[in-house]
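Structure first, commentary second.
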Amino acid sequence: MNIPRLVILGPQGAGKGTQAGRLARKLHIKHISTGDVLRDEIASHSNLGRRIAAIINTGRLVPSSMSNAMMKHRLAERDCANGWIADGYPRRIDQATSLLKYGKPNLIIFLHLSDKAAVQRLSGRRVCPKGHVYHLRHDPPKKQRGHCDHDGLRLRQRDDDTPQAIRRRLKIYHKETERVLDWYKERVLMVTVDAHPPIRIVYRDMMKKLRAIPWLSSQLATK
Ligand code: AP5
């Protein structure tokens, strides 16, 4: 049986975190978001966390040496043994070649979204300190306004969801991460999903495409 080793790619706000979380729960695999791991380090108030915050909050990428080491270590942990979905990694060619050495992906999911829609979405995003993601209009919490449905913690806006940082992040996406997509097209099976429709439609369309992949279809049917 193929163990799912999935990578979800797309511009900021495409819904990588949103869809990866749902798919990971469906397949009982681990959702690893490099952004969440980096934000956890910031929340620990360590010296490293302060250095990371200065980079992330202005919309730049942390050095690949850092994200590569982090992902190599994380994907080797026991909770990834049954499969994983990497969200936010790789974003540069040097990260993609590094990942080949310790966890060659068997499927790339590309969420396609225009820059205009990305900016609109990020301005309404709210997150809880543990990483659960909401949107003021498209995906508000169901239990208590302004609080996370999963852990009750107060929701807040991400420090890098400012207009200036969003513009810089999208620019880096077009310059660096789109090259990763081209690189993967020749090496790993890729499915493309239109990320403009509402969350449940994007999920439905993604699942339809995943069910058409024989080795994954059997796993989706049993879980
Ligand atoms: P990261 O946290 O990965 O941020 P990002 O790449 O900018 O992506 P986003 O989280 O903004 O978008 P998403 O596609 O996950 O959208 P979401 O599901 O939240 O990285 C943050 C930073 O860490 C980077 O800028 C960099 O500095 C650093 N970093 C991370 N990885 C790195 C790496 N590999 N190398 C170097 N540095 C790295 O959805 C967005 C909003 O839209 C939410 O409010 C959601 O509710 C809503 N939404 C989602 N889908 C829909 C829909 N279909 N319709 C309507 N609303 C929707």
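Just the heavy atoms: all of them, side chains too, but no hydrogens, waters or symmetry mates, feed the values below. As the structure lists them, so they are numbered: ligands from 1, and atoms in each ligand from 1.
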* To do: Say whether, by atom type as modelled, one donor and one acceptor occur between the side chain of K16 and the main chain of G10 under 3.5 angstrom.
  => yes
* Minimum-distance protein heavy atom relative to atom 28 (C) of ligand 1 -> L38 CD1, 3.5 Å
* **Residue, atom name and distance, where the atom is the protein heavy atom closest to atom 16 (O) of ligand 1** => G15 N, 3.3 Å
* Structure fact -> Note: ligand 1 atoms sitting under 4.0 Å from heavy atoms of R60 are 26 (C), 27 (O)
* May I ask you to decide if D149's main-chain N or O and Y134's side chain share a donor-acceptor pair within less than 3.5 Å? => yes
* Which of the ligand 1 atoms, numbered from 1, are nearer than 4.0 Å to a heavy atom of L61 -> 26 (C), 27 (O), 36 (C), 37 (N)
* To do: Compute the minimum heavy-atom distance from I55 to ligand 1 and say whether it is under 4.0 Å.
  => no
* Asked: Given R125, which of D161, D160, D159 fulfils the salt bridge (charged side-chain N to carboxylate O under 4.0 Å, His left out) condition?
  -> D161
* To do: Within a distance under 4.0 Å of any heavy atom of I199, pick out the atoms of ligand 1 and give their elements.
  => 50 (N), 51 (C), 52 (C), 53 (N), 54 (N), 57 (C)
* **Minimum-distance protein heavy atom relative to atom 12 (O) of ligand 1** => G13 N, 2.9 Å
* Asked: In the protein, which heavy atom is nearest to atom 8 (O) of ligand 1, and how far is it?
  -> K16 NZ, 3.3 Å
* So which of L210, V7, L9 actually passes side-chain contact (heavy atoms from CB on, under 4.5 Å) with I109? -> L210
* Asked: At what distance is the nearest protein heavy atom to atom 37 (N) of ligand 1, and which residue and atom is it?
  -> V62 N, 3.1 Å
* For ligand 1, is R158 a contact, meaning one of its heavy atoms is under 4.0 Å away? -> yes
* Structure fact -> So for P197 against ligand 1, with non-hydrogen atoms under 4.0 Å, the contacting part is backbone
* Asked: Mind checking whether L216 and R211 have side chains closer than 4.5 Å, heavy atoms only?
  -> no
* With side chains defined as the heavy atoms from C-beta onward, is the minimum distance between S123 and I166 less than 4.5 Å? -> no
* Structure fact -> Nearest non-hydrogen protein atom to atom 15 (O) of ligand 1, with distance, is G17 N, 3.0 Å
* Interfacing atoms of ligand 1 (cut-off 4.0 Å, heavy-atom, R39) -> 2 (O), 21 (C)
* Asked: Cluster question for you: counting only ILVMFWY and a side-chain heavy-atom cut-off of under 4.5 Å, with indirect links fine, are L189 and M207 together?
  -> yes
* Asked: Within the structure, does V133 bring an N/O atom to less than 3.5 angstrom of an N/O atom in ligand 1?
  -> no
* To do: Go through ligand 1 atom by atom and flag the ones less than 4.0 Å from a non-hydrogen atom of P11.
  => 14 (O)
* Any idea which atoms of ligand 1 are less than 4.0 Å away from a heavy-atom of V202? -> 53 (N)
* Side chains of E41 and M70 in contact at under 4.5 Å (non-hydrogen atoms) -> no
* Asked: For G59, is the nearest heavy atom under 4.0 Å from an atom of ligand 1?
  -> no
* To do: Using distance alone, decide if ligand 1 has a nitrogen or oxygen within less than 3.5 Å of any nitrogen or oxygen in Q95.
  => yes
* I56 N/O to ligand 1 N/O under 3.5 Å -> no
* When you measure from atom 18 (O) of ligand 1 to every protein heavy atom, which one gives the shortest distance, and what is it? -> T18 OG1, 2.6 Å
* State whether the number of non-hydrogen atoms from other residues, nucleotides or ligands found under 6.0 Å of H138 atom NE2 is greater than 12. => yes
* Which of the atoms in ligand 1, numbered in the order shown and given with their element, are less than 4.0 Å from a heavy-atom of L122? -> 11 (O)
* Would you say ligand 1 has an N or O under 3.5 Å from any N or O of Y134? -> yes
* **I172 backbone acceptor or donor facing E176 side chain under 3.5 Å** => no
* Looking only at distance, does D36 have an N or O less than 3.5 Å from an N or O of ligand 1? -> no
* Structure fact -> Heavy-atom proximity to atom 57 (C) of ligand 1 ranks first, among R121, H196, M71, R125, for R121
* Considering only heavy atoms from C-beta outward, does the side chain of Q95 approach that of S67 to under 4.5 Å? -> yes
* Structure fact -> SG of C148 to CZ of R154, rounded to nearest 0.5 Å, is 13.0 Å
* More than 12 foreign heavy atoms under 6.0 Å from NZ of K209: is that the case here? -> yes
* **CZ/R179: more than 12 non-hydrogen atoms of other groups inside 6.0 Å** => no
* Structure fact -> Per-atom filter on ligand 1: closer than 4.0 angstrom to a heavy atom of A195 are 53 (N)
* Structure fact -> Closest heavy-atom approach to atom 20 (O) of ligand 1 among Q12, R91, R169 is made by R91
* Does some non-hydrogen atom of P198 fall short of 4.0 Å from ligand 1? -> yes
* Asked: Can an N or O of T34 be found at a distance shorter than 3.5 Å from an N or O of ligand 1?
  -> yes
* Structure fact -> Quick look: H138 vs ligand 1, heavy-atom contacts under 4.0 Å, and the answer is side chain
* To do: Going by the side-chain contact (heavy atoms from CB on, under 4.5 Å) test, name the single residue among V119, L170, D115 that passes it with Q12.
  => L170
* Asked: Do N68 and Y89 have side-chain heavy atoms sitting under 4.5 Å apart?
  -> yes
* Between D36 and H31, do the side chains contain an N or O donor and an N or O acceptor separated by less than 3.5 Å? -> no
